[in-house]
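Side chains are part of it too, since the values below use all heavy atoms of this structure and drop only hydrogens, waters and symmetry mates. Indexing begins at 1, ligand by ligand and atom by atom, following the structure's order.
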Amino acid sequence: MSLKVIDTQCPFCSVQCKMQVIEEKSSADARPVYTVVPKPNLASEGRLCMKGMNAYQHVLTGERIRYPLMKKEGQFVRISWEEAYACITSKFNKLRDSYGKDTIGLYGGGSLTNESAYLLGKFARVALKTKYIDYNGRFCMSAAASAGVKVFGIDRGLTNQLADIEYAECIILAGTNIAECQPTLMPYFTRAKEKGASIIAIDPRETGTTRIADLHLRVKPGMDATLANGMLKVLVEEGLIDQTFVNRLTVGFDELRTHLEEFDLAEIAELSGVPAEKIRQAALAYGKAATGMVFTARGVEQQTDGHMAVRNFLNLVLLTGKIGKQGCGYGAITGQGNGQGGREHGQKADQLPGYRLIENPEDRAYVAGVWGIDPSELPGKGVSAYEIMQNIHEQEIRALFVMGSNPLVSNPNANFVKEGLKKLDFLVVADFLMSETAQLADLILPVTAYLENGGTLTNLEGRVLLREAGMPAPGEAKHDWQILCELAEKLSRGSFFNFTEVEDIFNELRLASRGGTADYYGITYERLREEEGVYWPCPELDHPGEKRLFASAFPMPGGRALLTTVENHLPKERVSDEFPLYLTTGRVLTHYLTGVQTRKSHSLVARDVESFMEIHPKTAKKYRIEDATLVKLESRRGIIYVRSRFSSDIREDTVFVPMHWGDSQNVNKLTLDELDPTCRMPGFKVCALKVSPLVSEV
Ligand SMILES: Nc1nc2c(c(=O)[nH]1)N[C@H]1C(S)=C(S)[C@@H](COP(=O)(O)OP(=O)(O)OC[C@H]3O[C@@H](n4cnc5c(=O)[nH]c(N)nc54)[C@H](O)[C@@H]3O)O[C@H]1N2
Ligand SMILES: Nc1nc2c(c(=O)[nH]1)N[C@H]1C(S)=C(S)[C@@H](COP(=O)(O)OP(=O)(O)OC[C@H]3O[C@@H](n4cnc5c(=O)[nH]c(N)nc54)[C@H](O)[C@@H]3O)O[C@H]1N2
Ligand code: SF4
Ligand SMILES: [Mo]
């Protein structure tokens, strides 16, 4: 019998729970049996959720892509890496000769390690010299990240450690479903509750998270900024302001106070769908508590006013001075495994490593210096993820290189996106499973998965963690970073990508981020192996890493954070006689994002095999819909078919559908492609919908 123990961390969400995968074989040629055990660590404290427990299944499945595949007459056929690289270079060169450098677009993801994300950004700017690069984090973190930068001067998911949560006397959970999306964090909140904390949840429906709340504000989809205006108004009127903190560490209070005077609480109640008395109760509970924390996630952020909505929640934090000390702070609950690091090192259209800005001359000069190029060679900023899809439609972009995302299922208005992707002259997808987007590709490059691919990832606390590789690559799969280095060589830019070890890339990233906002300079692989992760910013080798931000001031002019006046914004698409219901979208416990990985796991599929629509029984009755039957959902952009699931816990004007399925159950065929004006986040969480029973026509 042989036994192999692989120390790793879960590939899914931002908690990055540490775990061990144990491979047992009764004889040399017997089929291995796998067991997963959690490993104690500072974030999950040794817990694993159902997805982590089963995360070996999709990696060890027979459905892995093992060889480069090229589409010939509609079928994928195996080719060699040499052929694959030759095809890419010849297509890219031809297209660039005809249409210019910006004809190639790159599209990355928040599952990539810091090293691969960094290298993808560098590959775009140095190997291809295109301005068009963006990533799926645009749909995930952009509202909270842009709000954090504007208000605090820095964006890091949580401003403090998870360990601080139990010291909060009042916790606001706005548009976050931790029970299903970061389940191993729930005990932090239940522990706070046991110590007497009151919890306020803001969500249009009841979830495992709202169930632990003392007060649940069942907000109308898209009306969080308005609701927050109501709470702010109560705080000011009741004098629950930390005036010393406001005077010393913020700007904009007088404007905010005057702005709030214009609002009427009854009107806010009407607009937001939350009774005035409940708004008051929530404001009083948070305002009167000695300590408190506010968390937001995609419910508040994936809106066409997501940036401003988050800023209004930050107003709550700042007016009450509840930040920078134990039991106080703000958290944008990061989503993907490396959602945090993936947004710091240059795969976003306007960013260079370390959160430097591509349009800032000093930042350009610094990074160009590290990369050994002239700053004038760096392109300017490109456009956001969905705008890349729009440019593809207009054939401004004719080739797309996707690494670590499934844009066909995760972009809004999926029918439009599919039409565009089909217009491309050349689509390359680097993945380890056959995603819906990969099916449309001309060329698929097989990559290694988390068990085989080492590198660093930064969890939701801003803690950088090292994940070591534990298995050999299957078939001819290569690491993402390896592909980028080899391709750069073929494009005659190999001297800038001369890396043989992933650690060498990290060491260059450390330099490139040095002195930037997300400064990783003091973090080394050696430290990561010795310590249980290191928080950024960490500017020097002997720096412990910043566990709690803003203890004395904000990295803003005069050390002061910015208060914001926010209007009562309405969703971009309103209900009508034809489309009478609101559709909101999100997640369930068992599946992850577009489901490419979790739909390959038999244990997870056994729990949720298909999509569904959560609907209030009263609403269902109105539209002649029975429980557990197939229904047709239609918006102004598309149609999907899912099974109904009755729940008296959802608002009667709202229907919820998860995002984890493709094709005829791809909820993004319905969603609206209006973008937030500041951060370009789509409004995934509201559009107008029509529901009808699916009856066969005889
Ligand atoms: N099981 C599981 N876990 C995951 C993921 C997954 O796919 N599956 N994905 C990971 C990723 S990348 C992310 S970004 C996170 C996402 O984590 P969350 O943001 O917590 O997840 P969502 O389900 O998208 O949305 C959260 C809640 O917002 C509510 N909501 C909808 N509309 C509104 C609104 O207008 N206002 C308010 N206040 N709430 C609203 C929904 O009902 C839902 O309960 O989860 C991470 N963890
Ligand atoms: N309607 C609606 N739409 C949404 C959302 C919503 O709440 N509602 N949420 C949005 C959010 S928050 C997010 S984060 C996006 C996510 O959207 P996507 O990025 O499209 O989601 P994933 O399913 O994670 O796709 C990742 C793909 O990369 C592959 N992959 C995983 N790890 C690696 C790796 O290390 N290297 C490479 N090369 N490939 C890898 C996987 O097999 C998978 O095919 O969806 C967004 N779309
Ligand atoms: S999905 Fe998230 S909470 Fe669950 S085991 Fe993985 S990292 Fe931990
Ligand atoms: Mo996300």
Side-chain angles (χ1 to χ4, degrees), residues 9-19 36 38 41 43-44 47-55 58-59 65 107-113 116-117 120 135-142 178 180-186 297-299 301-302 333-339 342 385 402-412 414 429-438 445-450 452-453 455 457 459-460 479-481 483 583-587 589 591-600 657-660 662 666-672 681-685 687:
Q9 58 204 50
C10 172
F12 297 130
C13 87
S14 53
V15 187
Q16 286 300 289
C17 303
K18 293 270 184 191
M19 61 187 197
V36 174
N41 65 91
S44 80
R47 293 177 287 274
L48 270 186
C49 82
M50 188 194 291
K51 284 185 300 304
M53 293 302 284
N54 294 297
H58 70 281
V59 171
I65 301 172
Y107 196 108
S111 295
L112 301 179
T113 57
S116 294
L120 190 66
Y135 79 122
N136 68 10
R138 182 68 71 168
F139 302 151
C140 187
M141 300 313 305
S142 64
I178 294 161
E180 300 201 59
C181 296
Q182 293 81 15
T184 57
L185 298 187
M186 278 305 266
R298 307 310 85 77
E301 300 160 17
Q302 288 172 331
I333 304 196
T334 302
Q336 299 176 84
N338 197 27
V402 179
M403 186 168 255
S405 184
N406 183 15
L408 176 55
V409 182
S410 52
N411 271 256
V429 174
D431 207 310
F432 53 85
L433 293 170
M434 187 60 86
S435 69
E436 285 78 2
T437 309
L445 305 177
V447 300
T448 49
Y450 75 104
E452 305 125 17
N453 183 12
L457 297 101
N459 85 347
L460 80 166
H479 305 310
D480 292 303
W481 61 266
I483 295 173
L583 166 70
T584 193
T585 65
R587 293 152 170 83
L589 174 64
H591 285 282
Y592 186 69
L593 294 176
T594 66
V596 175
Q597 299 175 83
T598 46
R599 282 186 271 127
K600 295 276 187 302
V657 179
M659 61 164 295
H660 313 295
N666 179 355
V667 72
N668 278 324
K669 288 186 175 176
L670 308 178
T671 50
L672 181 69
M681 166 74 90
F684 285 119
K685 292 288 193 262
C687 72

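- Between the side chain of Y135 and the main chain of A117, no donor-acceptor pair closer than 3.5 Å is present.
- Using a 4.0 Å cut-off to heavy atoms of D480, the atoms of ligand 2 that qualify are 34 (C), 35 (O), 36 (N), 37 (C), 38 (N).
- Residue, atom and distance of the protein heavy atom nearest to atom 13 (C) of ligand 2 are L593 CD2, 3.8 Å.
- Atoms of ligand 2 lying under 4.0 Å from any heavy atom of N136, numbered from 1 in the order shown and given with element: 18 (P), 19 (O).
- For ligand 2, the polar-atom distance check finds an N/O of T585 within less than 3.5 Å of one of the ligand's N/O atoms.
- The shortest non-hydrogen separation linking M141 to M681 is N-CE, 4.5 Å.
- Between the side chain of N668 and the backbone N or O of V409 there is at least one donor-acceptor pair closer than 3.5 Å.
- In this structure, CZ in F139 is found 14.5 Å from CD in E301, a value given to the nearest 0.5 Å.
- Using a 4.0 Å cut-off between charged nitrogen and carboxylate oxygen, E436 and R599 count as a salt-bridge pair.
- Atoms of ligand 2 lying under 4.0 Å from at least one heavy atom of C140, given by number and element, are 12 (S), 14 (S).
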- request: Under the side-chain contact (heavy atoms from CB on, under 4.5 Å) rule, what do V59 and E452 come out as? Steps first, then yes or no, please.
  value: CA-CA 9 Å; V59 171; E452 305 125 17; 3.6 Å; yes
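- Residue contact check: Q302 has heavy atoms under 4.0 Å from atoms 5 (C), 6 (C), 7 (O), 9 (N), 10 (C), 11 (C), 12 (S) of ligand 2.
- Residue contact check for ligand 2: V409 places no non-hydrogen atom closer than 4.0 Å to it.
- Here I483 contributes atom CD1 and L445 contributes atom CG; the two are 5.0 Å apart, rounded to the nearest 0.5 Å.
- The ligand atoms of ligand 2 that sit less than 4.0 angstrom from a heavy atom of A430 are 37 (C), 38 (N), 39 (N).
- Among protein heavy atoms, the minimum distance from atom 33 (C) of ligand 2 is reached at F432 CE2, 3.6 Å.
- Atom 11 (C) of ligand 2 has R587 NH2, 3.4 Å as its closest protein atom, hydrogens excluded (heavy atom only).
- Between the side chain of K18 and the main chain of P38, no donor-acceptor pair closer than 3.5 Å is present.
- Residues satisfying the salt bridge (charged side-chain N to carboxylate O under 4.0 Å, His left out) test with E180, not counting sequence neighbours, are none.
- The main-chain N or O of G299 is never found under 3.5 Å from a side-chain atom of Q302 such that the two would form a donor-acceptor pair.
- For T594, a nitrogen or oxygen atom sits less than 3.5 Å from a nitrogen or oxygen atom of ligand 2, counting backbone and side chain alike.
- Neighbours of atom 2 (Fe) of ligand 3 restricted to protein N, O or S atoms under 2.8 Å: the count is 1.
- Of the protein's non-hydrogen atoms, G404 CA, 3.3 Å is the one closest to atom 39 (N) of ligand 2.
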- request: Show your reasoning for whether side-chain contact (heavy atoms from CB on, under 4.5 Å) applies to Q336 and S14.
  value: CA-CA 5 Å; Q336 299 176 84; S14 53; over 6 Å; no
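- Atoms of ligand 2 found under 4.0 Å from any heavy atom of Q336 (numbered from 1 in listed order, with element): 14 (S).
- Looking only at heavy atoms of the protein, atom 5 (C) of ligand 2 is closest to M659 SD, 3.4 Å.
- Near L48, with a cut-off below 4.0 Å to any heavy atom, the atoms of ligand 3 are 5 (S).
- At a 4.0 Å cut-off, not a single heavy atom of M141 sits close enough to ligand 2 to count as contact.
- Nearest protein neighbour of atom 47 (N) of ligand 2, counting heavy atoms only, is S410 O, 2.9 Å.
- Looking only at distances, no side-chain donor or acceptor of T184 sits under 3.5 Å from a matching main-chain atom of R47.
- Annotation: atom 1 (N) of ligand 2 to nearest protein heavy atom, N668 OD1, 2.7 Å.
- Of all atoms in ligand 2, numbered sequentially from 1 with element shown, those under 4.0 Å from a heavy atom of S405 are 18 (P), 19 (O), 20 (O), 25 (O), 26 (C), 27 (C), 28 (O).
- Taken to the nearest 0.5 Å, the CD atom of Q9 stands 8.5 Å off from the CG atom of N459.
- When heavy-atom distances to ligand 2 are checked against a 4.0 Å cut-off, N406 comes that close through both its backbone and its side chain.
- Two residues are said to be in side-chain contact when any heavy atoms from C-beta on lie closer than 4.5 Å; H58 and T598 fail this criterion.
- Looking only at protein heavy atoms, the nearest one to atom 43 (C) of ligand 2 is D431 OD2, 3.4 Å.
- H591 and F12 have their aromatic ring centers separated by at least 6.0 angstrom.
- Interface of S435 with ligand 2, defined as ligand atoms under 4.0 Å from a residue heavy atom, comprises 44 (O).
- The minimum heavy-atom distance between Y107 and N411, with the atom names listed, is OH-ND2, 3.1 Å.
- Here the side chain of S116 pairs no donor or acceptor atom with the backbone of L112 at under 3.5 angstrom.
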